[in-house]
Amino acid sequence: MSWLPLSFGFPAILWGLLALPVIWWLLRLTPPKPQTEVFPPLKILARVLKREETPHQSPWWLTLLRLLMAALVVMALAEPVFNPREKLPTNGSALALVIDNDWASAPDWDRRVATAERLIGDANSTGVPVLLAFTAEKPNAEIGPFDADAARDKLRATKPRPVPTDRPAVYARVAAALEALPGASVAILADGLAAQGDEAAFNTLLGKNPADVVWVVPDRLNTVGLKAAENQLEGFALTAIRPPGDAGPRQVTAGAFDDKGRRIADAALTFGAGETTATGQMQVPFELRNDFAAIAIDGENQAGAVRVLDESSKRRRVGLLSQSEADQAQPLLSPLYYIRRALEPFADLVEPRSPDLADAIPQLLDQKPAMIVMADVGTIPDAARQKLIEWVDNGGTLVRFAGSRLAAAGNDEELLPVRLRLGERSLGGALSWTEPQAVAEFPAGPFADLTPPSEVTVSRQVLAEPTADIVERTWASLADGTPLVTGAKREKGTVVLFHITPEATWSNLPISGSFVEMLRRLVQLSRNQGSAAANAEGQIASLAPYRMIAANGALVPPTPDARPLTVGQGPAPVTIENPPGLYGSEEGVVAHNLLGADAAFTPLVRPQVAAPVTEMRYAFDESRDLKGPLVAAALLLMLLDTLAVFWMGGMFNRRRKAARAAGSAAVVLLAAGAMFALSSHAMAQDAKPGDAEAIEAVSTTRLAYVLTGDASIDAISRAGLDGLSRFLIDKTALEPGKPAGVDIAKDELSFYPIIYWPIDPNAAMPTEQAIARIDAYMQQGGTVLFDTRDQYSTGIDAGSASPATERLRDILGNLNVPPLEPVPADHVLTKSFFILPDFPGRFNGSPLWVEASAEATNPEHRPVRTGDGVTPIMITANDFAGAWAIDANGEPMLPTVPADPMQRIYAYRAGVNIVMYMLTGNYKSDQVHVPVLLERLGQ
């Protein structure tokens, strides 16, 4: 590429510019067409007498016009291009264009399409066919070869998919097609993220000795994905990931949405420097958490930043009941000890206040639990029993554990899933011929996909009576075939029985990890938040697509390619047929998310190949063809030439007087312009040193900050005022310039309406001359905003002040400071642009102190405080600059305390109000007089 921002498609045509002197010579020899005059003869004679000779050549300006027109035509024929790009190597027998159109390509898909179109255009210029394949399409999608037009149409018709790439399969198809086109060029437009099988895929595609390789990846991997969202005890825990290349500190915000798309909760997730994982928590009541339907990271327009939630993500209320009183000295022998430990991470546990079953059961039912767990509860009183049966029939899940009380009680067909034999069975021991039994493989049911615990054995159990349906009701069994867990439907509800005790006396199952997973599955079966895929029988289900996650992260109706999702056989992969989203119906759905709990973003490594490799980045084509504009300019000059010939031929004689008047006006304007230029030159000669800087300083409004000498504090001040300036540009008509750092001892302060002064106790005390300059600046109408940044140490009016506050007091002791007060509720500052009750910064809690003003004499009709001036001093401890500070990417540099995203927005609004108050003064205060003035004027 040339160092000039201009290139020509046919530079040889520029030799035609050598003909311009010949054209000039011909035009000079060719006189203009003689004017045709209408008789009267006297007028002709009068004009002839005035002329000494007849012109024999074209005027110089007409010659110049025609030479310029000829030059434009020659340059247009040479096909000039402004800001030309380097032509990519597509000189092989064909171009194999392989593009990742997975979920990670969605944010900048238009840029990728523009890059691919340039490659197709280069292939078209060399006349080679194009193989076009996408790594996130159906396996049988057509890949060509195509001509350039067909390839462009296919490219523009393809959209990103919310699924991972399938490079091995697609690369294998392209490699097979390239066998008929040896020596082809290969262009790989990747998403920059590594996937399983990449090494084998690249070996397959690039092992055919391509003529050259074009490698295209994004400039920067800044993708953020949401890989986990768990409804825990204290709140909804979120886990986000990012690629290792994005190593700087970064904070993202995630929002929770209900099934109607309303945002109901937020959480901030902060990546430390070099960290690839960030966690956060939405601390809201579990009733509100149960309304979460989806969680998305703000600003990430791709499917990996969205997680949909089903009933398994909702937190249930579980009631616990036992007839045994807990022994405080031996908590491990409590019937509910292991049950509590297993359920606490994913359930809200409630227990009755009364140990009496007649009172305890109604107390539990009043709290509307989704499931009730009874640990060795024997005979239930009739009144409570009837209420419990009604609760089960209406959808409740009752889980019972065996024990000596249950073994001695009679059979209860409504509240037990199977009939029991009286007594209990002992396995092993001196008086038994049998050995403790292990747990067998789980049959079809809620535990079907769990791995049976090999270390668990059962030494005692209660036995079920053999019946015709005992096998269907068995959810877990021992190695000898006897039931370990049984369950049965009761109207809309479910009754479950563990044939062992919940403590480690009959079996070691309660102290195993399988016990936790089994109870989790039972909680998911509860009626109040039942899952579409989970049922008492646990059969494999096929669920229709309900709501899908699009590649840009939006929830959309099912696409034509989506197929029913099979559940009950373990986690299903995300594919074209089963894209991420919700499967089921309005009665219940199952979440099928893109990123798993073990997901990680790994940068894609360029493969090593023997062929020449050209690296590039995704970008729009910024080159501009100048042929059309040059032809248009030549046509315009041709039109001007035609008008000039008509004018010289006398066609516009009737308007000659008007033309003369216009010429006179032009002469006057030119003379005035010349005089202005001369006067400007004279003023420039009289200018003094420093005038240019002063003119530049007052030509635009700039915010200023005091240079403390501490590089970190000054950097935060500069970044904070820069962030506030950008916010002012976005939200107001003010367009301030870059913030200025000032040395109060040397620089001119009157150029700036407000100066931000962060108090640093470690900095040297300002000199008396510097403080005198600040005092003069405040007396002449300027305002200084002092920020001690020590809200969580002490305030300025505290008894024991922080070092920053002490330093502020020393500075204020040498200034003429007026009486101060916190900003009143009716002050102009509270309504100068936004309506604000307080003025938070990075911290929240410190008041903003301003000059005290007299109370309005008539507060009912004077809602704005009186006062003609603007406060010369403001004091805060909330660290305004820390809240406003942004980095080069526009991201916040420091977190707010507490971590509330809205606090930063209110801090920006506080800054806007302060700047508008400084620039408009008491403008809004004077508005109360407008009705009276209009009334006096008779308006």
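Heavy atoms only: backbone and side chains are in, while hydrogens, waters and symmetry mates are out. Remember, predicted model here, so these are calculated numbers, not experimental data. Heads up: numbering here begins at 1 and tracks the sequence.
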Does any non-hydrogen side-chain atom of [Y] lie less than 4.5 Å from one of [X]?
X: I372; Y: W391; answer: yes
X: P502; Y: P510; answer: no
X: P362; Y: K387; answer: yes
X: V399; Y: L497; answer: no
X: L406; Y: R400; answer: yes
X: P369; Y: V318; answer: no
X: T223; Y: R242; answer: no
X: N578; Y: V574; answer: no

field: Centroid-centroid distance, Y338 to F515, less than 6.0 Å
entry: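 Centroid distance Y338-F515: not below 6.0 Å, so no.
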query: Ring centres of F401 and F498 under 6.0 Å apart?
result: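 Yes.
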Main-chain N/O of [Y] paired to [X] side chain as donor or acceptor, under 3.5 Å:
X: N411; Y: L420; value: yes
X: D900; Y: M902; value: yes
X: N552; Y: A554; value: yes
X: H499; Y: V485; value: no
X: T501; Y: E503; value: yes
X: T896; Y: Q903; value: no
X: Q281; Y: A268; value: no
X: R262; Y: F257; value: no
X: Q302; Y: G304; value: yes
X: R317; Y: Q367; value: yes

message: If the condition is salt bridge (charged side-chain N to carboxylate O under 4.0 Å, His left out), which residues does R263 pass it with, not counting sequence neighbours?
response: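 Salt bridge (charged side-chain N to carboxylate O under 4.0 Å, His left out) list for R263, sorted by chain: D266, D298.
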query: When you look at F292 and M282, which way does the side chain to side chain contact (heavy atoms under 4.5 Å, CB included) test go after all the steps?
result: CA-CA 11 Å; F292 290 180; M282 295 179 177; 3.8 Å; yes
message: Under the salt bridge (charged side-chain N to carboxylate O under 4.0 Å, His left out) definition, can you give me all pairs with a residue in residues 403-412, not counting sequence neighbours?
response: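 As it turns out, the salt bridge (charged side-chain N to carboxylate O under 4.0 Å, His left out) pairs with a partner in residues 403-412, which skip direct neighbours, are D376-R405, R385-D412.
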field: salt_bridge(D393, R490) N-O dist < 4.0 Å
entry: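 Salt bridge flag = no for R490 with D393.
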query: After noting the C-alpha distance and the side-chain angles of F236 and I295, does the key distance pass the side chain to side chain contact (heavy atoms under 4.5 Å, CB included) rule?
result: CA-CA 10 Å; F236 221 106; I295 298 178; 3.8 Å; yes
Distance in Å, [X] [atom1] paired with [Y] [atom2], rounded so as to fall on 0.5 Å steps:
X: I511; Y: R341; atom1: CD1; atom2: CZ; answer: 12.0 Å
X: I241; Y: L226; atom1: CD1; atom2: CG; answer: 9.0 Å
X: I297; Y: T253; atom1: CD1; atom2: OG1; answer: 9.5 Å
X: R419; Y: T486; atom1: CZ; atom2: OG1; answer: 13.5 Å
X: L565; Y: Y583; atom1: CG; atom2: OH; answer: 5.5 Å
X: L450; Y: R520; atom1: CG; atom2: CZ; answer: 10.5 Å

Testing the basics here: between [X] and [Y], what is the closest heavy-atom pair and its distance to 0.1 Å?
X: N508; Y: E455; result: ND2-O, 3.0 Å
X: K489; Y: K492; result: NZ-O, 3.8 Å
X: H592; Y: P573; result: NE2-O, 3.3 Å
X: P162; Y: P579; result: CG-CB, 4.3 Å
X: L357; Y: A384; result: O-CB, 3.8 Å
X: K138; Y: I576; result: CG-CG2, 4.2 Å

Counting only heavy atoms not in [X], do more than 12 fall under 6.0 Å of its [atom1]?
X: E414; atom1: CD; answer: yes
X: Q196; atom1: CD; answer: no
X: E413; atom1: CD; answer: no

task: Any chance you could lay out the side chain to side chain contact (heavy atoms under 4.5 Å, CB included) test for L509 and I500, step after step, and finish with the verdict?
output: CA-CA 9 Å; L509 176 64; I500 58 173; 3.8 Å; yes
message: Testing T457, V456, L478 one by one against Q437 for a side-chain contact (heavy atoms from CB on, under 4.5 Å), which residue passes?
response: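 Passing option: L478.
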- prompt: Excluding sequence neighbours, so at least two apart, what forms ring-ring contact (aromatic ring centres under 6.0 Å, His included) with F442?
  reply: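 Once residues adjacent in sequence are excluded, the partners of F442 under the ring-ring contact (aromatic ring centres under 6.0 Å, His included) criterion are F447.
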message: Within the 3.5 Å criterion, strictly below it, is a donor on D469 or T467 matched to an acceptor on the partner's side chain?
response: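 There is such a pair between these side chains.
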task: Indicate whether the side chain of T482 and that of D480 have a donor and an acceptor atom separated by less than 3.5 Å.
output: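 Looking only at side-chain atoms, D480 and T482 do form a donor-acceptor pair, the distance falling under 3.5 Å.
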task: Test L320 against V350 for side chain to side chain contact (heavy atoms under 4.5 Å, CB included), laying out the working first.
output: CA-CA 6 Å; L320 303 182; V350 294; over 6 Å; no
- request: Run the numbers on D102 and R161 for salt bridge (Lys or Arg N to Asp or Glu O under 4.0 Å), then give the verdict.
  value: CA-CA 5 Å; D102 61 328; R161 299 273 196 166; over 6 Å; no
